[in-house]
Every structure is written in structure tokens, then in C-alpha cells.
Number of protein chains: 2
Amino acid sequence: MNIGDVARLSGLPAKTIRYYEDIGLVDPLRSSNGYRAFRENDLHKLAFLGRARSLGFTIDDCRSLMRLYEDHERASADVKRIVLEHLGRIDQKIEELSEMRATLAHLAEACAGDHRPDCPILADLAADPETASGHLKNDDGRPT
Amino acid sequence: MNIGDVARLSGLPAKTIRYYEDIGLVDPLRSSNGYRAFRENDLHKLAFLGRARSLGFTIDDCRSLMRLYEDHERASADVKRIVLEHLGRIDQKIEELSEMRATLAHLAEACAGDHRPDCPILADLAADPETASGHLKNDDGRPT
DNA sequence: CTTGACCTTACAGTTGGTGGAAGGATTACC
DNA sequence: GGTAATCCTTCCACCAACTGTAAGGTCAAG
């Protein structure tokens, strides 16, 4: 199989596949014309990588997961640990984004969004840290 | 004020402040010794930038927001539009992460996480797209 | 025999900074 | 006045995980 074939079959761009070879995630053979020659196994690996990446695993995670995948003596605990760590990172990210979301939603709500220049959003962004968005979360002046 | 002072006051690393000058977000004066000389206004700008960045705005957004901040003829609608667009991107990101989270949580739950090599996580990652994690979402074999 | 689709490598750019080296300026202290 | 510590300067390289582009080699169809 040429790179175009595995690209179609795996759903990964050819560029990405070349990149994955570059960083040692796959290692296709070479035809006499210099073209990469992928085996079934390479295709499987690439599909594995694509799925893992789509679940947000880092390339480094992918490397570990692939190693475990190919090691039939592995302990499932090792796999689970990677997943749970990743899950923790995702939860943290969701947490951060939700906080941003809440603040931004408050700000957007407070802004008239018309032709006038008065804008609580800009006022908040310009406020010193003590004040910033605190007056929208609790409006009685107590420190947050 | 030297860069160390504004770094302390704004909470931004000196490196970041230099970078912001590099990309044209601030434009401090220079003392005769070549040191950057920040005015009050520069400090305000940097604090503004720090707050906007902490809310997840891109540097490009920050540029637009700063322009609007400094334009006293602005329409608050322009500010609100930027915020709402950003809010949309955040919601999308949260959505994506939540989907990942759900899939990963299912997988982790299904995995014994012990010394044995059997691992539904690896099985899922290796499965072809038709099957992948679908069998965990609906276990009757219907296509998802 | 040429056209077009495919393949190759290599280098630059993306985002938003961070780290480090090499060297000049200033301040503190003896 | 010397010197050590702390600032400050510029410049270049690096992070993730690709993506874009250029310049060129290969192959199958008509």
C-alpha cells in the first residue's frame, strides 16, 4: 500500500503519516522507487493512533499505549493508569473552561451590545485584579 | 518603571512582556541605558492583556479588544461580538472534551486494571471505526 | 509523449510563549 | 574603589502536533 491508500483507509492526512514515521510511531518498508510501502500492520497502528489522538491522548501517551498494545504480557493496570491520568487532565481542562465560560457569560449579559461605547466587558478587563469580575459575581463589595 | 517592576505589578513574566512588545501589543519607551521604560499606561495595557489571556482570548482577540478599549467612540456591540464568538469556541471545546471524557470513563470502567493483559481499552483503540467504543455505548450491535 | 495524479525530501510557519547563553548596567556592600 | 549580585539587553533555539509550500522524481492513461 502507498501512503495515499493508508491515508484514505486510516482517515489520517498523508502529511501526518509521514510525520508519524518521522517521530518513530510507524516504520513502513520502502519500495524500490523510494515510495513508502505499508503493511496491514502499519495500517492497524495508524488507525490505533488516529483513534487515540481523537480521544485527546498526547503523542507521548500514544507511544506508551502502542508499546502496551504490542506487548501481550502487559498488565491492564498500566493501560488504565494512562487513561485515568488523561481523564484527570481532561477534567481539569473542562473545569478551567467552565470557569471562563461562566465569567464570559456574565460579562456578555451585562453588555448592552449596541452602538454606545459604554461597555462593562472592557471595564472588567481593565479593572485591577481585586475588582475584576468580582463585582459581577458578588455585588456587595466584599472581597471574593 | 523597569521591566521587572511591571512584571511584578502585572503578574506577567518579563519574558512574556518582551514578547508582547515584539508582537506590537505594547510599546514602552527606552531609557538612555537601553532599558525599557514603562509608563502607567503600559502597565494598564499589560494588566488588561493578562486578564484577557486568562479568560482564554487569543492574542488576536486581545489586539482587537485593546483597539476597542482605546477607541472611546467604539460600539459596545463590537466588544460583545468578540466575547460571544469566544464563548462559542469555548462551548465547542467543552463539548468535545465532554465527549472524550464520557468515552474514556466508559473505557476505564470496563478495564479491570490488574496484572492480567486483557484490556478493553486497547481493544477499543484497535477496533475499526465502525465498532470502536460503539459497543460500549450501545451493546446490541446496531450501528451508531 | 505529454498530462495529471501520485510520490519524495526539506524547510518554514502555526500559537503563545519559555529557556538559555553571552554580555552590558546598576546597585549593595566592604 | 573593587567586586559580587542582581538587573537588564539581544538573539537563538525549543515545545506540540502538525500544516503549507516548493522543487522535483515516478507512474499510469490516452
Expressed as a whole number of angstroms, how long is the span from [X]:[atom1] to [N]:[atom2]?
| X | N | atom1 | atom2 | value |
| --- | --- | --- | --- | --- |
| A:Tyr35 | C:dA5 | OH | P | 14 Å |
| A:Leu49 | D:dC18 | CG | C1' | 14 Å |
| A:Leu29 | C:dC7 | CG | P | 16 Å |
| B:Arg63 | C:dG16 | CZ | C1' | 12 Å |
| B:Arg30 | D:dT9 | CZ | C1' | 8 Å |
| B:Asn2 | D:dT6 | CG | C1' | 12 Å |
| B:Ile17 | D:dC8 | CD1 | C1' | 13 Å |
| B:Tyr19 | D:dT10 | OH | P | 16 Å |

Is the side chain of A:His115 donor-acceptor paired with the backbone N or O of B:Arg74 at a distance under 3.5 Å, no angle test?
->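 Checking the backbone N and O of B:Arg74 against the side chain of A:His115, no donor-acceptor pair under 3.5 Å is found.
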
Any sub-3.5 Å donor-acceptor pair from B:Asn2's side-chain atoms to B:Gly4's backbone N or O?
-> no

Using a cut-off of strictly less than 4.0 Å, decide whether [X] has a side-chain nitrogen or oxygen near OP1 or OP2 of [N].
| X | N | value |
| --- | --- | --- |
| A:Arg36 | C:dC7 | no |
| B:Arg18 | D:dC8 | no |
| A:Tyr20 | D:dC18 | yes |
| A:Thr16 | D:dA17 | no |
| B:Asn33 | C:dT26 | yes |

Does a donor on one side chain sit under 3.5 Å from an acceptor on the other, for A:Asp118 and B:Ser76?
->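 Their side chains do not contain a donor-acceptor pair, so the 3.5 Å distance test is not met.
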
For B:Gly34 and A:Ser32, take the nucleotide of DNA chain D holding the closest heavy atom to each; which residue's nucleotide lies nearer the 5' end?
-> B:Gly34

Is a salt bridge present between A:Asp42 and A:Arg39, judged by a nitrogen-to-oxygen distance below 4.0 Å?
->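 The answer is yes: the pair qualifies as a salt bridge.
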
Heavy-atom donor-acceptor pair, B:Lys15 side-chain to C:dG20 base, under 3.5 Å =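 Side chain to base: pair found, below 3.5 Å.
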
How about B:Lys80 and B:Leu84: do any of their side-chain heavy atoms sit closer than 4.5 Å?
-> yes

Using a cut-off of 4.0 Å on non-hydrogen atoms, how would the nucleic acid contact of B:Ile3 be classed: base, sugar-phosphate, or nothing?
-> sugar-phosphate

By nearest-heavy-atom nucleotide on DNA chain C, the more 5' of A:Ala37 and B:Pro13 is A:Ala37

